[in-house]
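This report concerns only the one structure given below.
The model shown is predicted, which means the values in this text are computed figures rather than measured ones.
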Amino acid sequence: MDWRKSSRSGNNGGHCVEVAVVRGRDCGVANKVDEEFVVLVRDSKNPGREPQVFTVAEWDAFLDGVSKREFDSARLIEDFTAPVL
């Protein structure tokens, strides 16, 4: 399996998120086996742990949210501290 990490990870002591793509039938997750491909995500510090598994649509939706800055810390904190109506 070809694990990749962002070129922006730099030399940060191995604190990286890595991704790989596999066929759904090979991912070992029952509700993902019918997917043609899935995206695996893991912490490079713990490569032996089971990765998180996302469909291509889920991964694309996440990347879209990142590009729209939906996960910036300031926005997350604002949403967390906003009063519940």
**Prompt:** Would you call Lys5 and Glu18 a salt bridge, using N to O less than 4.0 angstrom?
**Reply:**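 No, no charged N to carboxylate O under 4.0 Å.
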**Request:** Would you mind listing every side chain to side chain donor-acceptor pair (under 3.5 Å) that reaches into residues 21-34, with sequence neighbours excluded?
**Result:**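 Pairs touching residues 21-34 that pass the test: Lys32-Glu58.
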Using residues 77-85 as the side-chain source, report each donor-acceptor pair under 3.5 Å to any protein atom, sequence neighbours left out, with the distance given to one decimal.
| from | atom 1 | to | atom 2 | distance (Å) |
| --- | --- | --- | --- | --- |
| Thr81 | OG1 | Ile77 | O | 2.9 |
| Thr81 | OG1 | Glu78 | O | 3.3 |

Return all side-chain donor-acceptor pairs below 3.5 angstrom for residues 59-67, not counting sequence neighbours, or 'none' if the list is empty.
| from | atom 1 | to | atom 2 | distance (Å) |
| --- | --- | --- | --- | --- |
| Asp64 | OD2 | Lys68 | NZ | 3.0 |
| Ser67 | OG | Asp64 | O | 2.8 |

**Message:** Checking one residue: Val29. Which other hydrophobic residues are in its cluster under the side-chain 4.5 Å linking rule?
**Reply:**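 Hydrophobic cluster check, Val29: joined to Met1, Trp3, Val22, Val38, Leu40, Val53.
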**Prompt:** Hydrophobic clusters join Ile, Leu, Val, Met, Phe, Trp and Tyr when side-chain heavy atoms are under 4.5 Å apart, directly or via other members; which others share one with Leu76?
**Reply:**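 Besides Leu76, the hydrophobic cluster comprises nothing; the residue is isolated.
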**Prompt:** Looking at residues at least two apart in the chain, or sitting in another chain, which of them share a side chain to side chain donor-acceptor pair (under 3.5 Å) with Arg49?
**Reply:**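 Scan of Arg49 (side chain to side chain donor-acceptor pair (under 3.5 Å), adjacent residues dropped) gives none.
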**Request:** Kindly write out the residues that satisfy side chain to side chain donor-acceptor pair (under 3.5 Å) with Glu35, not counting sequence neighbours, or none if the list is empty.
**Result:**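 For Glu35 there are no side chain to side chain donor-acceptor pair (under 3.5 Å) partners, ignoring immediate neighbours.
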**Item:** Donor-acceptor under 3.5 Å (Asp43 side chain, Lys45 main chain)
**Value:**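 Checked: pair present.
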**Request:** Report whether Val17 and Val56 are members of the same hydrophobic cluster (ILVMFWY, side-chain heavy atoms less than 4.5 Å apart, transitive linking).
**Result:**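 Yes, Val17 and Val56 fall within the same hydrophobic cluster.
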**Item:** Audit row: Arg69, Phe71, side-chain contact (heavy atoms from CB on, under 4.5 Å) steps and yes/no
**Value:** CA-CA 5 Å; Arg69 304 181 66 99; Phe71 305 113; over 6 Å; no
**Message:** Would you say CD of Glu70 has more than 12 non-hydrogen atoms from neighbouring residues, nucleotides or ligands within 6.0 angstrom?
**Reply:**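 Correct, the count exceeds 12.
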